[in-house]
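Quick notes on the structure that follows.
Lettering of chains follows the sequences in order, A, B, ..., and the numbering in each one begins at 1. In this text the structure is predicted, and so the values were computed from the model without any measurement.
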Amino acid sequence: MRIATWNINGVKARIGALVDWLERESPDVVLLQEIKSVDEAFPRDTIEGLGYNVETHGQKGFNGVAILSKRPLEDVVRGLPGGEGDDQARWIEATVMGDSHAVRVCGLYLPNGNPVDFGADGAPQRTGKYGYKLDWMDRLAARAAALLAAEMPAVMAGDYNVIPQREDAARPAAWEKDALFLPESRAAFRRILNMGFTEAFRARVEGPGHYSFWDYQAGAWDKNDGIRIDHLLLTPQAADLMTDVGIMRDERGREKPSDHVPVWVDLAA
DNA sequence: ATGGCAGAGTGGCTCTGA
């Protein structure tokens with residue numbers, strides 16, 4: 001079972017690229033972020049015509065997540081628990097029945113967190129968008145703990161907006177004051193890994209030069225000035241089923257691309 | 001060396017993102 005995550009930066013703008021990619025790669029499950037669409041405007045019929053079941057959690061203008069799956073999706077939940085008053089559409093989960101295992105798949109679009117307010121002492125303040133990011137990561141850790149306690153194959157995948165290590169950025173120095181790379185963001189990400197999750201890509205590939213995002217600005221793609229911020233985190237039961245992982249880098253070089261590319265994992269499920 | 005973008009919603013620009 002191939003499970004892919006992709007921040008498509010607008011489903012309306014990306015429908016051509018999305019259909020082309022689904023036809024070419026035919027992943028079993030796709031977790032989409034930044035659909036930038038309300039549920040009613042999502043091109044459901046087009047995707048269903050390619051043989052996918054579709055579940056969306058959208059909103060007007062920005063954010064929005066979705067799950068596409070060739071197999072039926074069960075027990076769909078929209079919204080990350082613990083977010084009373086949080087109306088941003090950033091989380092959706094469902095269960096997919098594989099040939100041998102049921103897999104809980106969770107799609108997430110973690111808040112960017114910029115701009116960051118720095119105090120007089122130069123320390124980042126837990127306020128505004130950065131505070132929202134860290135609060136959201138606390139809620140994510142709570143959901144992650146519950147998934148671990150269920151002791152079943154589960155995947156939390158999406159745009160984490162976190163650069164885990166220096167090797168995950170072409171120019172790490174440029175990100176040192178950025179919400180994606182501040183120590184608190186990285187610690188919150190590491191805290192989830194330390195609970196017992198396996199970051200699929202780094203379980204199999206080491207070294208620098210592997211990115212999932214290149215900014216549209218400043219010729220970032222041409223210079224390979226990228227960062228790795230799209231991740232798949234696996235429970236131990238899912239990690240035991242992992243057979244392969246990859247980043248579909250070439251998608252960034254196609255016509256009218258998203259600024260992110262798909263990242264995927266194969267599970268023997 | 002440096003600057004450079006793109007999408008959505010609204011209305012001809014602002015907000016948002018990373």
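Contact annotation: A/Asn161 reaches the phosphate of B/dA18 (side-chain N/O to OP1 or OP2, under 4.0 Å). OP1 or OP2 of B/dT10 sits under 4.0 Å from a side-chain N or O of A/Lys60.
Each of A/Ile35 and A/Leu110 was matched to the nucleotide of DNA chain B holding its nearest heavy atom; the match closer to the 5' end belongs to A/Ile35. Ranked by how close their nearest DNA chain B nucleotide is to the 5' end, A/Gly10 and A/Tyr109 are led by A/Gly10.
Rounded to a whole Å, the NE2 atom of A/His231 is 12 Å from the P atom of B/dA18. In this entry the distance linking CZ of A/Phe62 with P of B/dT14 reads 18 Å, nearest Å. In this structure, A/Ile227 places its CD1 atom 14 Å from P of B/dG17, rounding to the nearest Å. Rounded to whole angstrom, the span from the CD atom of A/Gln59 across to the P atom of B/dT16 amounts to 12 Å. Rounded to whole angstrom, the span from the CD1 atom of A/Ile8 across to the C1' atom of B/dA8 amounts to 14 Å. Between the CD1 atom of A/Ile15 and the C1' atom of B/dA8 there is a distance of 16 Å, given to the nearest Å. One atom, NZ of A/Lys133, and another, P of B/dA18, lie 9 Å apart when rounded to the nearest Å. To the nearest angstrom, P of B/dA8 lies 13 Å from CG of A/Asn63.
If you check every strand for non-hydrogen atoms under 4.0 Å, A/Asp259 touches nothing. A/Tyr160 comes within contact range of no nucleotide atom at all, as no heavy-atom separation falls under 4.0 Å. Residue-level contact check: A/Asp159 touches the backbone only, with heavy atoms under 4.0 Å from sugar-phosphate atoms and none from bases. Across all strands, A/Asn7 comes closer than 4.0 Å only to sugar-phosphate atoms, never to a base (heavy-atom distances).
The 12-atom threshold is exceeded at CZ of A/Arg126, counting heavy atoms of other residues, nucleotides or ligands nearer than 6.0 Å.
Judged purely by distance below 3.5 Å, without hydrogens or angles, the side chains of A/Tyr211 and A/Asp230 never pair a donor atom with an acceptor atom.
For the pair A/Asp266 and A/Arg2, the salt-bridge criterion is met [side-chain N within less than 4.0 Å of a carboxylate O]. Classification of A/Arg166 and A/Glu176 as a salt-bridged pair holds, one side-chain N sitting under 4.0 Å from a carboxylate O. Between A/Arg14 and A/Glu34, none of the side-chain N atoms (NZ, or NE/NH1/NH2) sits under 4.0 Å from a carboxylate O, so this pair counts as no salt bridge.
With C1' as the reference atom, B/dT10 and B/dT16 are 14 Å apart, rounded to whole Å. Spacing between B/dA18 and B/dA8 at atom P, rounded to whole Å, works out to 14 Å. Comparing the same atom, P, in B/dG3 and in B/dT14 gives a spacing of 22 Å after rounding to whole Å.
Between A/Trp214 and A/Trp221, the angle of the ring planes goes over 60°, which puts this pair in the perpendicular group of the 30/60° scheme.
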Atom pairs under 3.5 Å, N or O on each side, protein against nucleotides 1-6 of chain B: can you list them with distances?
unit_1 : atom_1 : unit_2   : atom_2 : d
B/dG4  : O6     : A/Ala218 : O      : 2.8
B/dG4  : O6     : A/Lys223 : NZ     : 2.8
B/dC5  : O4'    : A/Tyr216 : O      : 3.3
B/dC5  : O4'    : A/Gln217 : N      : 3.4

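Here the straight-line distance linking atom CD of A/Glu199 with atom CD of A/Gln165 works out to 9.5 Å at 0.5 Å rounding.
Side-chain atoms of A/Thr5 and A/Tyr109, non-hydrogen and from C-beta on, never get closer than 4.5 Å to each other.
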